[in-house]
Amino acid sequence: MFITFEGLDSSGKSTQAELTSRKLTDSGEKVVFLREPGGTRLGEQIRSILLDVNSNIEPVAEVFLFSAARAQLVREVIQPSLARGEIVICDRFVDSTTTYQGYGRGIPPGDIRAINRLAIDDILPDLTFFIDISLDEIEKRQRNAGKIIDRMERSGRKFFERTRNGYFELSRTEKRLHIINGERSPQKIFNEIWLIIQQEVHRTSVE
Ligand code: ADP
């Protein structure tokens, strides 16, 4: 099974991805926990370029960098892990490119679809959790945590409004994508996620 977590930065994605990973591991599953961009040596190198506030990156160059990291991760780690029957959990995946580089940066949808298809080699998640919180709540969390803001996070409020809207648009066509209200306690959010995972496990085992 392949599970991904999506949402804007500071929405609580990583917190939920970690809770899911721990619970599945405790249930005796072999879990591979990954983050994008990253998860491979090449991916981590690309990550440092993408997040560096001193990097000057054109939107088209940005989409190729994220996709290059993803293409490597799919082939080097995700495909072999799934083939061994392991559960793969990824903090961000292909939907981030559709929303951030497509809706956010304005790369045309047809181009995004073509690049995504090439990068993922038909590997799509079984389940995707979009952890949604308001932009005001994000700003509050970042202030409270005294967070150092990376290059992507400096893209401005309008950019994040378009990106967030992109996730809602995507959820209309992608049945695997579940919108999760992220403005609740981590445990409440996780209970909802765990229920959906159990339903998916049940659905696939009776098919
Ligand atoms: P992301 O991976 O989306 O950037 P994190 O999981 O790292 O988000 O969480 C961002 C910040 O918000 C952290 O300081 C974390 O402790 C806090 N946080 C996570 N989940 C919640 C929640 N449900 N309610 C309030 N704060 C949260």
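Along the sequence shown, residues carry numbers from 1. We count ligands from 1, going down the list as the structure has it; atoms in each ligand are counted the same way.
- Surrounding CG of Asp122 are at most 12 heavy atoms belonging to other residues, nucleotides or ligands under 6.0 Å away.
- Applying the side-chain hydrogen bond (donor to acceptor under 3.5 Å, both in side chains) test between Ser10 and each of Gln142, Lys140, Glu137, Arg141 identifies Gln142 as the sole match.
- The nearest heavy-atom contact from the protein to atom 19 (C) of ligand 1 is Thr15 OG1, 3.5 Å.
- Proximity of Glu18 to ligand 1 is not established, as no heavy-atom distance is less than 4.0 Å.
- Among the atoms of Ile189, none of the N or O lies under 3.5 angstrom from an N or O of ligand 1.
- Nearest to atom 14 (O) of ligand 1 by heavy-atom distance, out of Ser10, Ala145, Pro186, is Ala145.
- More than 12 heavy atoms of other shown residues, nucleotides or ligands fall within 6.0 angstrom of atom NZ in Lys147.
- In this structure, Arg105 forms no cation-pi arrangement with Tyr100, as its terminal cationic atom is not both closer than 6.0 Å to the ring centre and no more than 45° off the ring axis.
- Between the side chains of Asn116 and Ser67, no donor-acceptor pair is found at a separation under 3.5 Å.
- For ligand 1, the polar-atom distance check finds an N/O of Ser14 within less than 3.5 Å of one of the ligand's N/O atoms.
- Using a 4.0 Å heavy-atom cutoff, Gly7 is absent from the residues neighbouring ligand 1.
- Scanning all heavy atoms of the two residues, the minimum distance from Glu36 to Cys90 falls at CG-SG, 4.0 Å.
- Of the listed residues (Phe130, Phe190, Phe129), just one forms a ring-ring contact (aromatic ring centres under 6.0 Å, His included) with Phe5, and that residue is Phe129.
- Atoms of ligand 1 lying under 4.0 Å from at least one heavy atom of Ser11, given by number and element, are 3 (O), 8 (O).
- If you number the atoms of ligand 1 from 1 as listed, the ones under 4.0 Å from a heavy atom of Leu8 come out as 3 (O).
- At the shortest separation from atom 8 (O) of ligand 1 among protein heavy atoms lies Gly12 N, 3.1 Å.
- Under the 3.5 Å distance criterion, with hydrogens and angles disregarded, a donor-acceptor pair is assigned to the side chains of Ser134 and Glu183.
- In this structure, the protein non-hydrogen atom closest to atom 17 (C) of ligand 1 is Arg141 CD, 4.3 Å.
- The protein atom (non-hydrogen) at minimum distance from atom 23 (N) of ligand 1 is Arg184 O, 2.7 Å.
- Using a 4.0 Å cutoff on heavy atoms, Ile133 does not count as a contact of ligand 1.
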